[in-house]
There are 2 protein chains.
Amino acid sequence: MLKISELSEKTGLSAHTLRYYEKHGLINASNRSEAGYRFYTDSDVRRVQFVKTARNTGFSLEDIGQLLSIRVDKLSHSCQEVTDITRKKLVEVNAKLTELQSMQQTLELLLESCCGGPENATHCSIMEALDAGLLLDKKIAARTEQGGAAK
Amino acid sequence: MLKISELSEKTGLSAHTLRYYEKHGLINASNRSEAGYRFYTDSDVRRVQFVKTARNTGFSLEDIGQLLSIRVDKLSHSCQEVTDITRKKLVEVNAKLTELQSMQQTLELLLESCCGGPENATHCSIMEALDAGLLLDKKIAARTEQGGAAK
DNA sequence: TATAAGCTTAGAGTTAACTCTAAGGTCAAC
DNA sequence: GTTGACCTTAGAGTTAACTCTAAGCTTATA
């Protein structure tokens with residue numbers, strides 16, 4: 001039986017966060033001392049670790065709530081329910097990835113295009129590009145590749 | 001001279017958002033009607049478009065504030081200041097990308113490992129993996145590659 | 001037994017970037 | 001001259017997931 005500080009140490013989640021998860025119905029302390037102190041069983045600990053793992057995998061607390069309700073009654077739930085949740089999350093992650101990759105590419109292009117030196121920014125190509133609404137993709141690509149097959 | 005609804009249409013930013021940007025010092029309407037209606041000049045429009053482009057590129061409103069203060073007085077600022085802001089943002093984007101790619105890989109692995117069928121979740125490998133703290137990377141990789149060079 | 005560390009709760013604060021509401025003034029058209 | 005669409009402001013609400021605070025018990029240690 002662990003106290004909250006011990007569980008905190010064991011899981012790397014703060015006591016605040018553990019109480020927050022409890023308030024939101026994700027976890028619980030099976031026992032309390034007479035004074036009201038939380039005491040966690042091994043089973044509680046495993047549940048908390050499940051939550052942490054799911055969290056690290058990108059699931060929202062809401063997703064995790066669903067996963068947990070499957071977890072406690074696996075017989076009443078199907079693999080499909082689990083994969084539905086997982087696939088939905090993957091779709092979200094992929095969407096974000098696409099967005100970030102586009103940003104990454106733009107930022108790299110911008111950095112390539114600018115001298116980055118101590119001269120004043122009058123002709124800074126980053127500023128120009130942002131002013132031009134980033135049609136610079138083409139400009140810079142042309143400048144950089146000097147012969148690429150533009151669309 | 002555009003009214004706010006016209007600028008909204010032109011830029012795709014809502015009137016609410018435009019006022020929000022104004023409140024936060026990013027943009028301004030050069031003129032107001034007697035009744036207090038905002039009127040935007042071409043120069044105002046270009047500034048708003050700059051903000052929008054920068055926003056799409058991933059810059060925070062705070063970053064954009066800095067970029068804008070460079071933009072209005074390029075002589076007093078260096079290319080290096082611009083690249084510093086840009087590079088900082090790229091570092092952030094790269095960090096997020098790494099995190100998301102890891103999630104993506106995990107989620108894909110999880111989906112590969114589970115049948116996703118209508119059978120109950122008693123032996124669902126996704127649930128098992130989350131329970132096991134995802135040491136499954138190895139399990140699944142082994143199962144999938146059936147002969148890969150594990151570390 | 002006294003102090004300090006740790007526990008409890010309810011509830012407020014944080015962050016970023018909006019998004020919306022309320023209450024009221026303005027303007028163009030019929 | 002009266003709709004109805006549009007504008008104004010100040011300020012509250014939204015979202016997710018914490019994070020922190022205050023006020024007050026409890027427990028372990030010296």
Side-chain angles (χ1 to χ4, degrees), chain A residues 1-40 44 48 51-68 85 88-89 92-93 95-96 99-100 103, chain B residues 1-40 44 48 51-68 85 88-89 92-93 95-96 99-100 103:
Chain A
M1 300 279 258
L2 302 179
K3 277 190 296 187
I4 197 165
S5 60
E6 293 164 332
L7 179 59
S8 168
E9 187 148 350
K10 187 152 194 163
T11 59
L13 301 170
S14 76
H16 277 306
T17 297
L18 291 169
R19 290 194 202 96
Y20 173 81
Y21 285 173
E22 179 178 311
K23 184 155 59 175
H24 287 71
L26 297 181
I27 65 172
N28 216 340
S30 296
N31 303 291
R32 292 273 185 141
S33 75
E34 286 192 2
Y37 283 28
R38 289 167 179 82
F39 282 117
Y40 297 92
D44 294 337
V48 172
V51 171
K52 193 194 178 189
T53 301
R55 200 77 197 74
N56 288 341
T57 307
F59 290 108
S60 68
L61 299 189
E62 194 185 335
D63 294 333
I64 294 173
Q66 293 178 46
L67 291 172
L68 285 168
I85 296 170
K88 178 175 131 281
K89 177 52 59 178
E92 284 174 33
V93 165
K96 262 221 154 131
E99 194 188 342
L100 281 171
M103 288 178 186
Chain B
M1 300 280 259
L2 303 178
K3 277 192 297 185
I4 197 165
S5 60
E6 294 165 331
L7 180 57
S8 169
E9 188 150 346
K10 187 153 194 163
T11 59
L13 300 170
S14 76
H16 278 306
T17 297
L18 292 169
R19 290 192 202 98
Y20 174 81
Y21 285 174
E22 179 179 312
K23 185 155 62 174
H24 287 71
L26 297 181
I27 64 173
N28 217 341
S30 295
N31 303 291
R32 292 274 184 140
S33 75
E34 285 192 3
Y37 283 28
R38 290 168 178 82
F39 283 116
Y40 297 92
D44 294 337
V48 171
V51 171
K52 194 193 177 189
T53 301
R55 200 76 198 74
N56 288 342
T57 307
F59 290 108
S60 68
L61 298 189
E62 194 186 335
D63 293 334
I64 294 173
Q66 292 178 47
L67 291 172
L68 284 169
I85 296 170
K88 179 175 131 281
K89 176 52 61 178
E92 284 173 34
V93 166
K96 263 223 154 129
E99 194 188 342
L100 281 171
M103 287 178 185

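Letters A, B, ... mirror the listed sequences (proteins, then strands); counts begin at 1. Note: hydrogens, waters and symmetry copies are ignored here, and every other heavy atom, side chains too, is used.
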Q: Can you list everything that forms a salt bridge (charged side-chain N to carboxylate O under 4.0 Å, His left out) with B/Glu22? Sequence neighbours excluded, please.
A: B/Arg32, B/Arg38
Q: Assign B/Ser60 to base, sugar-phosphate, or nothing according to its heavy-atom contacts below 4.0 angstrom with the strands shown.
A: sugar-phosphate
Q: Would you mind reading off the distance between A/Leu26 atom CG and D/dA17 atom P, rounded to a whole angstrom?
A: 10 Å
Q: Rounded to whole Å, how long is the line connecting atom NE2 of A/His24 with atom P of C/dA10?
A: 13 Å
Q: Distance check needed: D/dC18 C1' versus A/Glu62 CD, whole Å only.
A: 17 Å
Q: Looking at every strand, decide which applies to A/Tyr21 at a 4.0 Å heavy-atom threshold: base, sugar-phosphate, or nothing.
A: sugar-phosphate
Q: Can you check the A/Leu7 CG to C/dC7 C1' distance for me, whole Å?
A: 14 Å
Q: Atom pairs, N/O to N/O, protein against nucleotides 26-30 of chain D, distance under 3.5 Å?
A:
{"from": "D/dT26", "atom 1": "O4'", "to": "A/Tyr37", "atom 2": "OH", "distance (Å)": "3.4"}

Q: Rounded to the Å, how far apart are A/Glu22 CD and C/dA10 P?
A: 10 Å
Q: Nearest to the A/Tyr20 side chain among D/dC18, D/dT9, C/dT8, which nucleotide is it?
A: D/dC18
Q: Give the rounded distance in Å between these two atoms: CG of A/Leu61 and P of D/dT19.
A: 12 Å
Q: Report yes if a side-chain nitrogen or oxygen of B/Ser14 is closer than 4.0 Å to either non-bridging phosphate oxygen (OP1 or OP2) of C/dC18; otherwise report no.
A: no
Q: Can you figure out which of D/dC18, D/dC20, D/dT9 approaches the side chain of B/Arg19 most closely?
A: D/dT9
Q: Judged by modelled atom types alone, do A/Asn56 and A/Thr53 share a side-chain donor-acceptor pair under 3.5 Å?
A: no
Q: I'd like to know if the side chain of A/Thr57 reaches the main chain of A/Phe59, judged simply by a donor and an acceptor atom lying under 3.5 Å from each other, with no hydrogens or angles considered.
A: no
Q: Tell me whether B/Lys96 contacts the main-chain N or O of A/Leu100 through its side chain, where contact means a donor paired with an acceptor under 3.5 Å.
A: no
Q: Could you state the CG-P distance from A/Asn28 to C/dT8, rounded to the nearest angstrom?
A: 12 Å
Q: If only atom types and distance count, is the side chain of A/Ser30 paired as donor or acceptor with the main-chain N or O of A/Tyr40 below 3.5 Å?
A: no
Q: For the side chain of A/Glu6 and the backbone of A/Lys3, is there at least one donor-acceptor N/O pair under 3.5 Å apart?
A: yes
Q: For A/Thr17 and A/Ser14, test the side chains for any donor-to-acceptor distance below 3.5 angstrom and give the result as yes or no.
A: yes
Q: Given C/dA17, C/dT21, D/dT21, identify the nucleotide with an atom nearest to the side chain of B/His16.
A: C/dT21
Q: When you check the phosphate oxygens OP1 and OP2 of C/dC7, does a side-chain N or O of A/Arg38 lie under 4.0 Å from one of them?
A: no
Q: Using atom CG of B/Leu18 as one end and atom C1' of C/dA17 as the other, report the distance to the nearest whole Å.
A: 14 Å
Q: Closest-nucleotide mapping onto DNA chain D: is B/Lys23 or B/Glu6 further toward the 5' terminus? I mean the 5' end.
A: B/Glu6
